[in-house]
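Single-structure report; data block below.
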Amino acid sequence: MSVKKGRVFSGARPTGRQHIGNYFGAISNYVKLQEEYDCIYCIVDLHALTTLETTRDLKQNTLEMTWDWLAAGIDPQKSIVFVQSMVRQVTELHTILSMVTPLGKLTDLPTFKEKVRENPKNVNYGLVGYPVLMSADILLYRADMVPVGVDQAPHIEFARETVRSFNFHYSTDVLIEPKEKFTDFPKIMGIDGVNKMSKSLNNDIEIAATATETAAKVMQMVTDPARQRRSDPGNPDVCNVFSLHKIFTPPEKVAEINVECRRAGIGCVDCKKILAANMNAYFAPLRERRLEFEKDPEGTWDILQQGAKRASVIAEETMVSVREAVGLPAIRKD
Ligand code: SF4
């Protein structure tokens, strides 16, 4: 058995069925990382509580997301896959870390200010402490690395500062500073061609959509806005359909489309049909596997419970050291 390079932690909010932006931005990377690292993948449902108006769909969204993860190849035999709220120690560590985190630092964060702007009527206590809970997730499982895009690097820096603050405050070294692992993935734009693909903007294509649903979404995609008529030459460089061809279509065909579009040799409808067919072929095996998981929701909850059990062992080890460092009494097991 090969020796793994360290422990990776990553968490994602339970947003339900995943879209191709989620797939190429996170999931496919999660699958690859499993081969080299001990990976812990967590569905962070407690984080979701900070902004949800209702929790009615929370469990179903957790299941839907898990099905996409498992069908994509996240393997619960290789990685720990679980739900954040199933491991209670995270809330304990969150509380303890919140005591070494200055309030002003949290309210000054651009992400907090953005959330306040987005939803001024629901500025709750949990929202302020969001980065502390995020740090608790990473530190509880003693992750060496967290896969992030460049824009998320400040979150990891925040976690490192939290470690330094805690370790200094309690004259200890029990918490480990995590490093970011930058991931190189294509930015997937939504079908509007303007914004990043996002469920909330309703510009997404779900990876588990049917072939017909996928084709319908692709047909709605915005192309080169300057190309008004079939006879107009197009510019693939400004067309989101072409960007997706680069992911789903064989290079020879991409090169051909590049030429034909510029001389109006191919129309946008035909170009989109090719993309939809290739996208459907790409996701067909994943969709088949997903159907199998969907048949057994209880089995999926079992997988998540088993993952939580494994995660709890690591979490409790950390908390034993943390409680001791803080000066809290040990909790007896009997
Ligand atoms: Fe875009 Fe294809 Fe239309 Fe060219 S032919 S503008 S690449 S959809």
Less than 3.5 Å apart, which donor and acceptor atoms pair up between the side chains of residues 90-99 and the rest of the protein, not counting sequence neighbours?
from  : atom 1 : to     : atom 2 : distance (Å)
Thr91 : OG1    : Arg88  : O      : 2.7
Glu92 : OE1    : Arg323 : NH2    : 2.9
Glu92 : OE2    : Arg323 : NE     : 2.8
Thr95 : OG1    : Thr91  : O      : 2.9
Ser98 : OG     : Thr95  : O      : 2.6

Under a 4.5 Å side-chain heavy-atom rule over Ile, Leu, Val, Met, Phe, Trp and Tyr, are [X] and [Y] clustered together?
X	Y	value
Ile43	Leu140	no
Val83	Leu49	no
Ile314	Met145	no
Val31	Ile20	yes
Leu139	Val320	no

In chain order, what residues pass the salt bridge (charged side-chain N to carboxylate O under 4.0 Å, His left out) check against Glu324, with sequence neighbours excluded?
-> none
What pairs with Lys253 under salt bridge (charged side-chain N to carboxylate O under 4.0 Å, His left out), at least two apart in sequence or on another chain?
-> Glu256
Quick one: does [X]'s side chain have a donor or acceptor within less than 3.5 Å of a partner on [Y]'s backbone?
X	Y	value
Arg17	Ala208	yes
Asp38	Val8	no
Ser198	Leu201	yes
Thr50	Leu127	no
Asn240	Met221	no
Asn258	Cys261	no
Lys272	Met219	yes

Can Arg13 and Thr62 be counted as having a side-chain donor-acceptor contact under 3.5 angstrom?
-> no
Which pairs of donor and acceptor atoms, one on a side chain in residues 107-121, lie under 3.5 Å apart (sequence neighbours left out)?
from   : atom 1 : to     : atom 2 : distance (Å)
Thr107 : OG1    : Leu103 : O      : 3.3
Thr107 : OG1    : Gly104 : O      : 3.3

Between [X] and [Y], is any pair of side-chain heavy atoms under 4.5 Å apart?
X	Y	answer
Thr101	Ser165	no
Asp68	Ile207	yes
Asn22	Met65	no

I would like to know whether Asp237 and Arg262 meet salt bridge (charged side-chain N to carboxylate O under 4.0 Å, His left out); could you show each step before the answer?
-> CA-CA 10 Å; Asp237 298 336; Arg262 291 176 200 275; 3.1 Å; yes
Which residues share a side-chain contact (heavy atoms from CB on, under 4.5 Å) with Ser10, sequence neighbours left out = Tyr30, Tyr41, Pro147
With sequence neighbours excluded, tell me which residues meet side-chain contact (heavy atoms from CB on, under 4.5 Å) with Lys105.
-> Pro102, Phe158, Glu161
Just grab all the side-chain hydrogen bond (donor to acceptor under 3.5 Å, both in side chains) pairs involving residues 218-229, residues at least two apart or on different chains.
-> Arg229-Asp232
Find the distance between [atom1] ([X]) and [atom2] ([Y]) and round it off to the nearest 0.5 Å.
X	Y	atom1	atom2	result
Ile138	Ile40	CD1	CD1	11.5 Å
Gln18	Asn61	CD	CG	9.5 Å
Gln305	Thr300	CD	OG1	12.0 Å
Met197	Asn195	CE	CG	11.0 Å

Let me see the working for Val222 and Ile191 under side-chain contact (heavy atoms from CB on, under 4.5 Å), right down to the final yes or no.
-> CA-CA 6 Å; Val222 173; Ile191 61 171; over 6 Å; no
At their closest point, which heavy atom of [X] faces which heavy atom of [Y], and how far apart are they?
X	Y	value
Val44	Gly11	CG1-CA, 4.0 Å
Ser231	Ala264	O-CB, 3.5 Å
Leu244	Met279	CD1-CE, 3.8 Å
Leu304	Phe82	O-CB, 3.6 Å
His169	Val100	CG-CG1, 3.8 Å
Thr210	Asn280	O-OD1, 4.2 Å

So, [X] and [Y], do they make that salt bridge, N to O below 4.0 Å?
X	Y	answer
Arg164	Asp173	no
Glu64	Arg290	yes
Arg160	Glu180	yes

Counterpart residues, side chain to side chain donor-acceptor pair (under 3.5 Å), relative to Glu260 (two or more places apart) | Arg263
Output a table of donor-acceptor pairs, distance under 3.5 Å, between side-chain atoms of residues 71-79 and any protein atom two or more places apart or on a different chain; print 'none' if there are none.
from  : atom 1 : to    : atom 2 : distance (Å)
Asp75 : OD1    : Gln77 : N      : 2.8
Lys78 : NZ     : Glu35 : OE2    : 2.8
Ser79 : OG     : Gln34 : OE1    : 3.0

Take Glu206 and Lys199, measure what side-chain contact (heavy atoms from CB on, under 4.5 Å) needs, and give me the verdict at the end.
-> CA-CA 9 Å; Glu206 291 174 352; Lys199 187 167 264 205; 4.1 Å; yes
Test side chain to side chain contact (heavy atoms under 4.5 Å, CB included) applied to Cys271 and Val218, Thr249, Ile257, the passing residue = Ile257
Which pairs pass ring pair (Phe, Tyr, Trp, His ring centres under 6.0 Å) with one or both residues in residues 230-271, sequence neighbours excluded?
-> Phe24-Phe248, Phe248-Tyr282, Phe248-Phe283
Please assess Leu63 against Phe293 for the test side-chain contact (heavy atoms from CB on, under 4.5 Å), listing each intermediate value before the final yes or no.
-> CA-CA 10 Å; Leu63 266 186; Phe293 288 116; over 6 Å; no
Sort and list the pairs that fulfil salt bridge (Lys or Arg N to Asp or Glu O under 4.0 Å) and have at least one residue in residues 134-148, not counting sequence neighbours.
-> none
Would you confirm whether the ring centroid of Tyr37 sits within less than 6.0 angstrom of the ring centroid of Phe9?
-> no
Between Asn167 and Thr172, does a side-chain hydrogen bond (donor to acceptor under 3.5 Å, both in side chains) hold up when you go through it step by step?
-> CA-CA 5 Å; Asn167 285 352; Thr172 181; 4.9 Å; no
Does the pair His47 and Leu133 meet the rule for a side-chain contact (heavy atoms from CB on, under 4.5 Å), with working shown?
-> CA-CA 8 Å; His47 281 289; Leu133 183 56; 3.6 Å; yes
Among Ile, Leu, Val, Met, Phe, Trp and Tyr joined by side-chain contacts under 4.5 Å, find the other residues sharing a cluster with Tyr130 and list them by chain and number.
-> Met134
